[in-house]
2 protein chains.
Amino acid sequence: MNKKPVVNVGLIGCGTVGQGVVKIFQKNIGLLEEKVGAQLRLAWVCDRVQRPLAPGVHKPRWTDRWQDVIGDPSVDVVIELIGGYEPARTIVLAAIQARKQLATANKALLSKHWGEVFSAARAAHVLVYFEAAVGGGIPVIQGLYEGLAGNHIERVYGILNGTTNYILSRMTAEGLDFGAALAEAQKAGFAEADPAFVIEGVDAAHKIAILASLASGTWVRLEDVTREGISSLDVWDVRFAQKRMGLVTKLLGIAALTKGRFSVRVHPALIPATHPFANVSQEYNAIFVHGDAVGDVMFYGKGAGQMAAASAVVSDVVYLARHVANGTAGELPYVSYDGRQSLKPVPFRDIKCRHYLRFTTVDKPGVLSKIAGVLGRNDVSIASVHQEPGEFVRKGKSQPKGVPIVIVTHQAAEGAVQSALKVCNQLPITRRKAVHLRIEDL
Amino acid sequence: MNKKPVVNVGLIGCGTVGQGVVKIFQKNIGLLEEKVGAQLRLAWVCDRVQRPLAPGVHKPRWTDRWQDVIGDPSVDVVIELIGGYEPARTIVLAAIQARKQLATANKALLSKHWGEVFSAARAAHVLVYFEAAVGGGIPVIQGLYEGLAGNHIERVYGILNGTTNYILSRMTAEGLDFGAALAEAQKAGFAEADPAFVIEGVDAAHKIAILASLASGTWVRLEDVTREGISSLDVWDVRFAQKRMGLVTKLLGIAALTKGRFSVRVHPALIPATHPFANVSQEYNAIFVHGDAVGDVMFYGKGAGQMAAASAVVSDVVYLARHVANGTAGELPYVSYDGRQSLKPVPFRDIKCRHYLRFTTVDKPGVLSKIAGVLGRNDVSIASVHQEPGEFVRKGKSQPKGVPIVIVTHQAAEGAVQSALKVCNQLPITRRKAVHLRIEDL
């Protein structure tokens, strides 16, 4: 490829993040061009409706047809910020076919179509960068994939969704129940109008699947991610675990990678209050990576927001444009996925951790021995029992029938605990389904 | 440049980190070659004495003459792990002249000879990577320079030295005085036999100078870094600030960059216990970067240790080797320093923050009014006064003559505070020189 004195960029999708990208292009153009080593020009902006753009040196052409951008042979770099599966997938594949270098923030698309996108990019000698897909402005994709390139990555875990972390922070700090905290998050502009996607952990699942794919050099499919959201969390347990056990509730994405096997899951987890994650509050994200050489490394920052995400997109564009300017784009594939390798998933039932179990039972002698018996017969060993609720007695309308017994287990397999709970939930002494949270001793 | 099916690497300096690099080459060679996209061969190891090497596929030749490595035309990538100024400088410049791609962990060399090294690399079309120079295995160089490429970096601050952080952690948690904590650090293998270099903040100054140079795109010289170490810290103040004010003592490197001006400094600082840095303890490092688009991003991990540093070196080698394998090395300069730009330093006396001042005075009425008078005449405004030592009364031999008065100021200029202290230290009521610590409201 030849060197180019001017690199032309086309932006497809000009919502919140897209408008942030335009802002950075307008404000920091001198800095960007210095890093690119060539002139950088925002040539096109494409969206269904015309959006207000920050003023400045760039005077992009407007279109509502993405074909105009991808069909323009002078365009070198395409930014895809439409999100979702379609038409994003069609656009991304068309851009790759047209040999445009690509920056995308689309975690849904990448996690679902990882194989298709990176195989196409490899075949067409096109770079696909996606720093904004995970962790907003935090440069974790690059850090994990390039900065720790000498390591076998054995574990990745993260607080990957700002909205759910905001909700959990409010429940923990203020004792709000889930519904009230969600309403606050919506008022603060965090949660979407239809929050199910986020609070059921789908967004976090997309992100941990991407991190696990990068870390393993294979494609970890969404259907192999075990997932549980936060909508059924009871603030009673959040507060009890915090006050009585020094455990903080977070929605975690967790990927474990050992020789030829992997497990990837998203669920609420109780973590020690001394872990750095315990102080990651509100809309912040953080990702821990454990490599066999480096040990633990953490990345932290705002996981969402217009300018944080735009920062990541623009950094991608700078490095794509550098390659274009120097005639080296596409020589080196970015993600080396070639479809050959695969890992076997570890069944969720085999994952071991400590468990927090809250039973609600009749107030009679012998109840504990019945529950303990069921746990024991299922190979679940009890570490501690908490039966004095104290300030945790519920008052008024929200008072459930029955008394709470909180049991913390030693390390036990998920499957064993689930079998035990199935039996316990059907005992005549049981007033309601047991609460089951996992304790992650990170 | 042509593509190469085999990339040859020469290692110069095979101490602790060098041996760690060999370990990773031997253990993770499959992973490394997959990322490089070519065969990777450790061809030479050079040191004054022959060291034990981890066994494996690589059978490097040994030499005690670095000229053998750099003079070998088949060597593509050179790793410099000698450290210090000479002969490292001569070797690095010779390697660049010989057009070897270079990975170095040498923060002393880079901070002192930034201009010379990167001008030579630019002229010779050679890449110089140095991820291990700051923050051990934490990929902060890449994160700051590439991952945040779209941002004007306005502030960088960090806990940059593991040994001093270990010492401060012990003083804070156990109430050890400086000497005892230093002895513990030495016993734990952290502090060098001659610890002056580290405890006087020289190592942290090298690192913040490098981060400031990267962040500003200019060369921030060591002589422009204001520096104060931790050896004169009194554990009394460390504990008092923690218990009475919720402030934790850390040795910080701080770089502030505003249009055309910069200030870079290393000194002990009191920071809020709620700041994520407060939980960065023992030998861990952490770096906060504030970019105009992304806001705050933090990087965290082990700042020292054989395998952490080796991880960073090997990641550099992987990306250098990728470029060699694909024939694209040197097309893109890494650091774009060209000597044209420069920033003006802000004099240290103009830097504003809150200040912690401990006076030790005679026990008479009117003392506070005298001190307050001097502060007021110097434009230093008092925020709070702490005169009841309680548990902080010193007992036994260590009891100083006089009583302590701790004053916390509002934001005030360094120069004003220093002028005021000069006068206060000469007042007849003063029993000993005032303690002066800066409070950083990060």
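Here is the naming used below: chain letters follow the sequence lines, and residue numbers restart at 1 for every chain. Note: hydrogens, waters and symmetry copies are ignored here, and every other heavy atom, side chains too, is used.
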Engaged part of V318(B) at the chain A interface, taking heavy atoms whose separation is under 4.5 Å: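 Just the side chain, heavy atoms under 4.5 Å.
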Side-chain heavy-atom pair K302(A), V294(B) within 4.5 angstrom cut-off: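 Side-chain contact under 4.5 Å: no.
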Closest-packed option against chain B by number of heavy-atom pairs under 4.5 Å, given N151(A), T274(A), L32(A), V314(A):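 Among N151(A), T274(A), L32(A), V314(A), the one with the most close pairs to chain B is N151(A).
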Largest heavy-atom contact set with chain B, pairs under 4.5 Å, which of G301(A), A149(A), G137(A), G295(A):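 The candidate making the most pairs under 4.5 Å is A149(A).
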If every non-hydrogen atom of [X] is compared with every non-hydrogen atom of [Y], which pair is closest and at what distance?
{"X": "S315(B)", "Y": "G150(A)", "value": "OG-N, 3.4 Å"}
{"X": "S311(B)", "Y": "A293(A)", "value": "CB-CB, 3.9 Å"}
{"X": "Y145(A)", "Y": "K35(B)", "value": "O-NZ, 3.2 Å"}

Quick one: what part of [X] sits under 4.5 Å from any heavy atom of chain B, side chain, backbone, both or neither?
{"X": "L148(A)", "result": "both"}
{"X": "N279(A)", "result": "side chain"}
{"X": "E131(A)", "result": "neither"}
{"X": "F288(A)", "result": "side chain"}

When H152(B), K27(B), K23(B) are compared by non-hydrogen pairs under 4.5 Å with chain A, the top option: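 The residue among H152(B), K27(B), K23(B) with the greatest pair count is H152(B).
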Side-chain H-bond candidate by donor/acceptor type, N28(B) with D292(A), under 3.5 Å: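 Result is yes, a qualifying pair exists.
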F299(A) and F299(B) aromatic ring geometry - parallel, tilted or perpendicular at 30°/60° bounds: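 If you compare the ring of F299(B) with that of F299(A), the planes turn out perpendicular.
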